[in-house]
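Residue indices begin at 1 and follow the sequence shown. Source: prediction; values computed, not measured.
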Amino acid sequence: KAYALVKDKKEPAYRNQSANLINMYAAIDQRKQNFDLAVERYLKAGQIFNETGEHLKIIFSYYNLSGIYKFLGDTSKMFYYANETYRIATQSQDPVSIIRGLIALGDAYCLVKDYDSALIISKKGLQMAKSQDLTFAIGIFNNFIGLYFTNSALQYDSAIAHFNLALES
């Protein structure tokens, strides 16, 4: 019902509300693993946000698109949307959004086993997450660093220490 009230309105506030609702529907489709419809909806929401100048809100769509393509094994699209999430977030200078972009990139690098790049991203993200007291992000970045120590540096004590830090956050 909510979408029906705003979908045909032309004013930016209504269009933004429409895009927010489309994002929510896409998230539901994503959880139901209806990825084709989720992708279509995330892209539609992103287009509306772009048209109305609400670029920061596109981050939610692109972050989730990166996750969908990770799940589907399309590393090219996964990296595209992870990079776009980070690029838009950096332009916004919003620390929480930048952290979200770094998580998307770190996750992508870990998937393709580029642990050296994941480490660079994770160190930056960990520092930012600590300054914002974002325990969930602190845990994610410690997990990525643990993967680096497990798979690249082969320093298992350091890996365990970072996995423990991930669990504690």
Practice task
Determine the sole option in Tyr69, Tyr109, Tyr86 for which the ring pair (Phe, Tyr, Trp, His ring centres under 6.0 Å) test with Phe79 is passed.
Solution key: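 Checked Tyr69, Tyr109, Tyr86 against Phe79; only one passes ring pair (Phe, Tyr, Trp, His ring centres under 6.0 Å): Tyr109.
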
Practice task
Measure from the side-chain N and O atoms of Ser152 to the backbone N and O of Phe149, and report whether any donor-acceptor pair falls under 3.5 Å.
Solution key: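 Side chain of Ser152 to backbone of Phe149, a donor-acceptor pair under 3.5 Å: no, none is there.
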
Exercise for the section: Check for a donor-acceptor pair, side chain of Asp107 on one end and backbone N or O of Ile103 on the other, with a separation under 3.5 Å. Expected result: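 No, because the side chain of Asp107 does not come within donor-acceptor range (under 3.5 Å) of the backbone of Ile103.
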
Can you hop from [X] to [Y] via hydrophobic side chains spaced under 4.5 Å?
X      : Y      : result
Phe60  : Phe71  : yes
Leu147 : Phe136 : yes
Leu37  : Leu72  : no
Val39  : Tyr25  : no
Phe35  : Leu111 : yes

Enter the distance from [X]:[atom1] to [Y]:[atom2] here, rounded to the nearest 0.5 Å.
X      : Y      : atom1 : atom2 : result
Leu43  : Ile22  : CG    : CD1   : 11.0 Å
Ile145 : Ile120 : CD1   : CD1   : 11.5 Å
Ile59  : Thr85  : CD1   : OG1   : 7.0 Å
Gln91  : Ser97  : CD    : OG    : 12.0 Å
Leu119 : Asp114 : CG    : CG    : 10.5 Å
Ile99  : Gln127 : CD1   : CD    : 10.5 Å

Any side-chain heavy atom of [X] sitting closer than 4.5 Å to one from [Y]?
X      : Y      : answer
Leu65  : Lys77  : no
Thr150 : Phe163 : yes
Met128 : Phe141 : no
Tyr115 : Cys110 : yes
Asn20  : Lys57  : yes
Glu51  : Arg15  : yes
Leu56  : Phe49  : no
Tyr42  : Asn23  : yes

Which pair of non-hydrogen atoms, one from [X] and one from [Y], has the smallest distance, and what is that distance?
X      : Y      : result
Asp29  : Arg41  : OD2-NH1, 2.6 Å
Val112 : Thr75  : CG1-CG2, 3.8 Å
Ala82  : Ser66  : CB-OG, 3.6 Å
Gly139 : Ala166 : O-CB, 3.2 Å
Ala38  : Ile68  : CB-CD1, 3.8 Å
Leu102 : Gly125 : CD1-CA, 3.6 Å

Exercise for the section: Could you check whether the rings of Tyr62 and Tyr80 sit parallel, tilted or perpendicular, using 30° and 60° as the cut-offs? Expected result: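 Ring orientation, 0 to 90° scale: tilted.
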
Practice task
Please check if any side-chain donor atom of His162 sits under 3.5 Å from a side-chain acceptor atom of Asn143, or the reverse.
Solution key: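 No.
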
